[in-house]
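A quick write-up on the structure given underneath.
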Amino acid sequence: MNNNFNKKLYNSRRRANTQGLILSMSAMALGLAVLLWILFVLFSNGLAAVDWNMFTQDTPAPGSEGGGLRNAIIGSLMMVGLSVLVSTPIGILAGIYLTEYGDSSKTAEVTRFVTDIMLSAPSIVLGLFVYSIAVATVGNFSGYAGSLALSLIAVPVVMRTTENMLRLVPGNLREAAFALGAPRWKVSTLVTLRAAKSGVITGLLLAIARISGETAPLLFTALNNQFYSTNMGAPMANLPVVIYQFAMSPYDNWIRLAWGGALLVTMAVLVFNILARVFFRDKVHA
Amino acid sequence: MSVEAIMTLPSIPFDSTSETGSQGMIAVAKRQRIQDFFFHRITQGFSLLVLIALTGIIGSLFINAWPALHKFGVHFLWYVEWDIINEEFGAAIAIVGTLASAGIAMLIAVPLAFGIAVFLTETCPVWLRRPLGTSIELLAAVPSIIYGMFGLFVFAPLFANYLQVPLQKVLGGMPLVGFLFGGATNGMGILAAGIVLAFMVLPFIAAVMRDVFEVTPPILRESAYGLGCTTWEVVRKVVLPYTQKGVIGGIMLGLGRALGETMAVTFVIGNANRMPTSLFSPGTSIASTLANEFGEADAFHISALFALAFVLFVITFVVLAMAKILVMRADKAKGA
């Protein structure tokens, strides 16, 4: 046998290895446990609030019984919808610029850098910015201001995913189109963008998921509205702000509705995220 | 260059015998150049919107904050007072709350994220990697207000009964560190906010770490294994040093998120405009002060809040910019 074999060192290395790996496994287990715990709490509290009234009645006045979330659901859908309509073309075209035109120019570099920072910028500050340009100047809170604040968050998401997806399109596809004499804008829109379609849709879905749950930017832009309103020029009810106000309130039925709304928002966000992944996986396998 | 050259030439004419045919082709090429020019400028314009938004944000925050900044000067940063009635405002309380809660969050989240990334890249069976990775990403997708509600209704009561009370009993009487565990044990406060924040930023950090771990060249790993390293040694002495910049970038990214988070913090930090004296004492962060007070603020108070927002934006901007530069350098090293 080899007499130089250091049994002690060998054992301590093995021990360190086992300890490290066990710790890393427990970290993973803890992460998963927290996700499951949050989902469990959401379902156990939220399902109790989900009934027909939640979708047909408006948010209740302080101290009154019952009520639902109809106005908040409609308001959220309208604001998220408008901001998706606005940010989709902007994000996609800007993404096309970054890959097809700008590529490694200074402007594109700076834009990319700033976009990445905007992706994680504190959303409440974006809300304050929109307040100062679209609420303070006009004189009232509005659904439009809320949509604008959400768009500020959505555009960078769409832009960066579009860019990353366009980058995956093989260069010879572009060259083939150029060789046929196609102008650049046709190559970008009809060839590259089409080839990256599912990836771009992934980006859109992620953007929708991201803005559906945002509360902070809506607090001082769309504010809230106790009544049913589809007028986007006026303060508008929306799920996240209603959840925030109701959860902090002393009324039992408000807190119950807050849980119902929380379940609704989380499910929507998770479904959009999973859809986005399914879309992208199809693309990868195709 | 070469592409431009190709585009200026008319493509092969279908009808090359007639003079008008090739002229038609030239006309088409000209028209396409004009279309291209406009398409180029339009897309460029849209991408510049982001830069305009950034300058707009910094500009509008600064202009709105000017009355307060002008009155208090740089002093604003370390002035320990937030008196709405007498209009005496300083950012120190909120800055301390922000830094303390984000710092606690990092202390908890970084080791956990490292563990998760190690598990996902080294020990996890391949067929489980995708579902487990996805569920961690889903944890990142849960809206922050849900973390806030979870913190307020579920975590805070448990935290008060099973952590605060025992901690205070055991450590509260100790010299030097005892003061950290003083105060009311109602489940709210800086430490509670830090813990909730930790689980919110955990998935962001874990995702970046996993991504950079995955790009470590297999040959480095295999050489280390070939020399007889254990998995843990490979991670600690090969993968981690190799991906250092990316890992730090990921941590800074998480820190940027934690500093600017509003909802998850507002629910549990206690919202008191007092300098926190212990880990359990209620405090306030910049973002939660904004969320709580902006709605009811008037003229000068609004300006002070804008000044706070400006401070927060500058802090997060610097942190995120550093994160971005580190991750970019890591990418470059990978490309080389």
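In what follows, chains are A, B, ... by sequence order, proteins preceding strands, each numbered from 1.
Taking the centre of each ring, B:Phe153 and A:Trp259 come in below the 6.0 Å mark. Aromatic ring centroids of B:Phe267 and A:Tyr244 lie under 6.0 Å apart.
Per-residue counts of heavy-atom pairs under 4.5 Å with chain B were compared for A:Ile92, A:Leu206, A:Val125, A:Leu270; the largest is that of A:Val125. Most heavy-atom pairs under 4.5 Å with chain A: of the set B:Val154, B:Leu253, B:Ile63, B:Leu48, this distinction falls to B:Val154. Interface check for chain B: of the options A:Gly91, A:Ala216, A:Ser120, the most heavy-atom pairs under 4.5 Å are formed by A:Ser120. Comparing A:Val265, A:Leu23, A:Leu263, A:Ile243 by heavy-atom pairs within less than 4.5 Å of chain B, the highest count is held by A:Ile243. Put simply, of A:Ala209, A:Ala27, A:Gly31, the one with the most heavy-atom pairs under 4.5 Å next to chain B is A:Ala27. Between chain A and the options B:Leu312, B:Val235, B:Leu120, the largest number of non-hydrogen pairs under 4.5 Å is found for B:Leu312. Counting heavy-atom pairs closer than 4.5 Å to chain A, the top residue among B:Val118, B:Leu54, B:Thr231, B:Val28 is B:Thr231. Ranked by non-hydrogen atom pairs under 4.5 Å with chain B, the options A:Val155, A:Leu39, A:Thr18, A:Ile90 are led by A:Ile90. Counting heavy-atom pairs under 4.5 Å between each of A:Asp116, A:Thr215, A:Leu128 and chain B puts A:Leu128 at the top. Among B:Ala113, B:Gly45, B:Ala309, B:Ala141, the residue making the largest number of heavy-atom pairs under 4.5 Å with chain A is B:Ala141. Ranking B:Ile42, B:Leu202, B:Val319, B:Leu132 against chain A, the residue ahead of the rest is B:Leu132, based on heavy-atom pairs under 4.5 Å.
Remark: the backbone N or O of B:Leu138 is not paired with any side-chain donor or acceptor of A:Asn273 at under 3.5 angstrom. Looking only at distances, no side-chain donor or acceptor of B:Asp36 sits under 3.5 Å from a matching main-chain atom of A:Pro183. With hydrogens and angles disregarded, a donor-acceptor distance shorter than 3.5 Å links the side chain of A:Asn17 to the backbone of B:Trp232.
Atom CG of B:Leu290 sits about 5.0 Å away from atom CD1 of A:Ile124, to the nearest 0.5 Å. Taking OG of A:Ser123 as the start and CD of B:Glu261 as the end, the distance is 6.5 Å to the nearest 0.5 Å.
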- Query: Could you go step by step and tell me if B:Gln32 and A:Arg184 meet the side-chain contact (heavy atoms from CB on, under 4.5 Å) rule?
  - Reply: CA-CA 8 Å; B:Gln32 292 187 337; A:Arg184 220 164 188 178; over 6 Å; no
#### Entry: A:Ile96 vs B:Phe46, side-chain contact (heavy atoms from CB on, under 4.5 Å): CA-CA, chis, key distance, verdict
CA-CA 10 Å; A:Ile96 289 179; B:Phe46 279 132; over 6 Å; no
Test side-chain contact (heavy atoms from CB on, under 4.5 Å) on B:Phe306 and A:Ser132; report intermediate values, then the result.
CA-CA 10 Å; B:Phe306 267 106; A:Ser132 71; 3.9 Å; yes
Let's go through A:Trp185 and B:Phe38 carefully: what are the C-alpha distance in whole Å and the side-chain angles of both, what is the deciding distance for ring pair (Phe, Tyr, Trp, His ring centres under 6.0 Å) to 0.1 Å, and is it a yes or a no?
CA-CA 9 Å; A:Trp185 67 273; B:Phe38 280 111; over 10 Å; no
side-chain contact (heavy atoms from CB on, under 4.5 Å), that's the test. Do A:Tyr131 and B:Phe294 meet it? Break it down for me. CA-CA 10 Å; A:Tyr131 170 86; B:Phe294 195 81; 3.5 Å; yes
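Heavy-atom minimum distance, A:Phe129 versus B:Ala53: CZ-O, 4.2 Å. Contact detail for B:Gly295 and A:Phe220: the closest heavy-atom pair is N-CE2, 3.5 Å.
Proximity to chain A is limited to the side chain of B:Leu152, based on heavy atoms less than 4.5 angstrom apart. With a threshold of 4.5 angstrom between heavy atoms, A:Leu36 does not approach chain B through any atom at all. Of the two parts of A:Leu119, only the backbone, made up of N, CA, C and O, holds a non-hydrogen atom closer than 4.5 Å to a non-hydrogen atom of chain B. Contacts of B:Thr262 with chain A are made by side-chain atoms alone, with heavy-atom separations under 4.5 Å and no backbone atom involved. Contacts between A:Ser188 and chain B at a heavy-atom distance below 4.5 Å involve the side chain alone, from C-beta outward. Contact annotation for B:Ile286: neither backbone nor side-chain heavy atoms come within less than 4.5 Å of a heavy atom of chain A. Of the two parts of B:Leu49, only the side chain, counted from C-beta on, holds a non-hydrogen atom closer than 4.5 Å to a non-hydrogen atom of chain A. A:Met159 touches chain B through its side chain: at least one heavy atom from C-beta onward sits under 4.5 Å away, while N, CA, C and O do not. Interface remark: A:Phe272 contributes no atoms to any contact with chain B (heavy atom separation under 4.5 Å). Neither the backbone nor the side chain of A:Ala136 comes within less than 4.5 Å of any heavy atom of chain B. Only the side chain of B:Ile136 comes within less than 4.5 Å of a heavy atom of chain A; its backbone N, CA, C and O stay farther away. Of the two parts of B:Arg130, only the side chain, counted from C-beta on, holds a non-hydrogen atom closer than 4.5 Å to a non-hydrogen atom of chain A. At a 4.5 Å heavy-atom cutoff, A:Arg174 makes no contact with chain B through either its backbone or its side chain. When heavy atoms are compared at a cutoff of 4.5 Å, A:Thr189 approaches chain B solely by way of its side chain, counted from C-beta outward. Of the two parts of A:Val110, the backbone and the side chain both hold a non-hydrogen atom closer than 4.5 Å to a non-hydrogen atom of chain B. Both the backbone and the side chain of B:Leu139 come within contact range of chain A, judged by heavy atoms closer than 4.5 Å. A:Leu219 touches chain B through its side chain: at least one heavy atom from C-beta onward sits under 4.5 Å away, while N, CA, C and O do not. Contacts between A:Leu152 and chain B at a heavy-atom distance below 4.5 Å involve the side chain alone, from C-beta outward.
Considering only heavy atoms from C-beta on, B:Met149 stays 4.5 Å or farther from A:Val41 through its side chain. No side-chain heavy atom of A:Val269 sits under 4.5 Å from any side-chain heavy atom of B:Val142. B:Ser135 is listed as a side-chain neighbour of A:Leu32, based on a closest heavy-atom distance under 4.5 Å. Residues B:Ile57 and A:Met118 are in side-chain contact: their nearest non-hydrogen atoms beyond the backbone lie under 4.5 Å apart. No side-chain heavy atom of B:Met263 sits under 4.5 Å from any side-chain heavy atom of A:Glu214. Using a 4.5 Å heavy-atom cutoff, the side chains of A:Arg13 and B:Glu233 are in contact. Using a 4.5 Å cut-off on side-chain heavy atoms (C-beta onward), A:Met28 and B:Thr123 make no contact.
The number of heavy atoms from other shown groups lying within 6.0 Å of CE (A:Met25) is above 12. Surrounding CZ of A:Arg14 are at most 12 heavy atoms belonging to other residues, nucleotides or ligands under 6.0 Å away. More than 12 heavy-atom neighbours from other residues, nucleotides or ligands sit within 6.0 angstrom of CZ on B:Arg129. The number of heavy atoms from other shown groups lying within 6.0 Å of CG (A:Asn11) is above 12. The environment of OH in A:Tyr10 is sparse: at most 12 heavy-atom neighbours from other residues, nucleotides or ligands sit within 6.0 Å.
Between B:Phe39 and A:Tyr101, the ring-plane angle classifies as tilted under the 30° and 60° cut-offs.
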